[in-house]
Q: 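Quick one: the structure is below, and I'll ask about it shortly.
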There are 2 protein chains.
Amino acid sequence: MTRTENPTNPQVQRTQSLMLDAARTLLDEHGPEAVTHLRVAEAAGVARATVYRHWPNRAAILLDLLRAGADLRLTPPRADLTITERVTAALTAFASALNGDGGRTLAAMIGLAEWDEDVFAALGEMTAFGPMFLNGIITAGIEDGVLDENTEPALLVDRLIGPLYFRRLLYHDLITDDYIANLVTTTIEPLVRDG
Amino acid sequence: MTRTENPTNPQVQRTQSLMLDAARTLLDEHGPEAVTHLRVAEAAGVARATVYRHWPNRAAILLDLLRAGADLRLTPPRADLTITERVTAALTAFASALNGDGGRTLAAMIGLAEWDEDVFAALGEMTAFGPMFLNGIITAGIEDGVLDENTEPALLVDRLIGPLYFRRLLYHDLITDDYIANLVTTTIEPLVRDG
DNA sequence: CTAGAGATGATACGGTATGTCTCATCTAAG
DNA sequence: CTTAGATGAGACATACCGTATCATCTCTAG
């Protein structure tokens, strides 16, 4: 088995792209256990040996797949919005990722991360940005005197994001705008100075 | 393959218990993918055919395993406690389940439930009791006039339990009493009448 | 206690997946 | 055009899977 080494080679990029697309479809439709060298090769129209040349084992395929799923893009918070509006915007972007393919990917990662530290690390990278982003909004709110000064940003982030994960992962619910609005109102409002 | 039929037979109970113990160890140590007929048979000191006689496929083994993990026992809420104390007690019991083997079982189920509706149903059964229990405490609090009358019990349950799942599943954190205390205080206090 | 029903152990079998290897063919770049 | 490198096709040994058979063991009815 000669390993593939040159990532700039367009031939390599093309076959790798084919395989990753096939692997992603397999993951979405049948779960992590379906992502196997044989099935990826068949789905991608590629020789089985080629899949082995790119990834020595199944975990490596999944890792590449999961890392690519970490494309949560949040627009910077606009200064002209209230703290409630800024938090709502962040959670809405977050929820749309959870409602889409990101939710399934996340569920798969949670199941794997418990026994695979590489997946756990990838899970950390993938999910770190959202909470960090929210933390920034909250910290700014405290410094600006808009939020109660005794607020613990980290805990508040958990209290805002936790319910979204909870509903998505355990009930397979879609997160609606109404849900986010109620969550933000009940969670943030008591912390807003005066009001 | 002659299927095993009589569950009262002590011989059946003994071998089944051996196999389930072995399967649980495999699940805890190596994850759901390690729970296979062959490995269960080897670990249990049982013939491979016997494992097939009890469960036709791997999903069936996992289901029996996961269902057995749903033994969350909560003591009835005591009337002499405040609403905060009652919620804290419930969350503490809940957290200790998450901190123990229940956390890994839950992570495994979340990963599987996305693509297996039987596991999803089992997940629902397993996790329904905690929220229902909390919901009862909260509803009683509202009826007694202790909590704000505009409180939505279902959302409040999400806001209390969601953060626990979030920290356990995504960060592999142990849930401490301090964390629960802070969570309950910040979440419940604004809803308590007068105070 | 004994006889019979049922459960298990041991083993065999075909089918399939896995991981590696070889070599012919194809593609990209000088 | 030439050549290094990547892929396709297939072979190969190994391992796992699901099923079947039959002897042996265990429980229970009588």
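Excluded from the calculations below are hydrogen atoms, water molecules and symmetry mates; all remaining heavy atoms, backbone and side chain alike, are included. Every chain is numbered from 1, with letters handed out A, B, ... down the list of sequences.
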Q: With a cut-off of less than 4.0 Å, is there a side-chain N or O of A:T36 near OP1 or OP2 of C:dA17?
A: no
Q: Looking at the base of D:dG8, is there any donor atom on it, or on the side chain of A:R53, that sits under 3.5 Å from an acceptor on the other one?
A: yes
Q: Using only side-chain N and O atoms of A:T50, determine if any of them is under 4.0 Å from OP1 or OP2 of D:dT7.
A: no
Q: Using heavy atoms to find the nearest nucleotide of DNA chain D for B:N57 and B:Q11 separately, return the residue whose nucleotide is more 5′.
A: B:N57
Q: Is the phosphate of D:dT7 approached by A:H54 (side-chain N or O, under 4.0 Å from OP1 or OP2)?
A: yes
Q: Rounded to whole angstroms, how far apart are CD on A:E33 and P on D:dC16?
A: 16 Å
Q: Nearest whole Å is fine: how far is C:dG9 C1' from B:L18 CG?
A: 14 Å
Q: Atom CG of A:L38 and atom P of C:dG19: how far apart are they, to the nearest Å?
A: 11 Å
Q: Checking contacts here: which listed nucleotide (C:dA28, C:dT8, C:dA7) is nearest the side-chain heavy atoms of A:N9?
A: C:dA28
Q: How long is the line joining CZ of A:R14 and P of C:dT27, in whole Å?
A: 8 Å
Q: Output the rounded distance in Å from CZ (A:R58) to C1' (C:dG19).
A: 14 Å
Q: Could you measure the distance from the CG atom of B:L91 to the OH atom of B:Y179? Nearest 0.5 Å is fine.
A: 10.5 Å
Q: Cut-off 3.5 Å, side chains only: do A:T187 and B:R159 have a donor facing an acceptor?
A: yes
Q: By nearest atom, which of the nucleotides D:dT7, D:dC27, C:dG9 is closest to the B:P10 side chain?
A: D:dC27
Q: Compare the minimum distances between each of C:dT18, D:dA6, C:dA7 and the side chain of A:Y52, then state the nucleotide with the smallest one.
A: C:dT18
Q: Could you check how far CD of B:E42 sits from C1' of D:dA15, rounded to whole Å?
A: 12 Å
Q: Under the side-chain contact (heavy atoms from CB on, under 4.5 Å) test against B:L134, which residue among B:T139, B:L156, B:V157 passes?
A: B:V157
Q: Ignoring hydrogens, what is the shortest heavy-atom contact between B:R24 and B:L65? Give both atom names and the distance.
A: NH2-O, 2.8 Å
Q: Let me know the distance between NE2 of A:H37 and P of D:dT7, rounded to the nearest Å.
A: 14 Å
Q: Cut-off 3.5 Å, side chains only: do B:N6 and B:T8 have a donor facing an acceptor?
A: yes
Q: Between B:I61 (CD1) and D:dG18 (C1'), how many Å, whole number?
A: 13 Å
Q: Using only modelled atom types and a 3.5 angstrom limit, is any donor from either the side chain of A:R48 or the base of D:dG8 paired with an acceptor on the other?
A: no
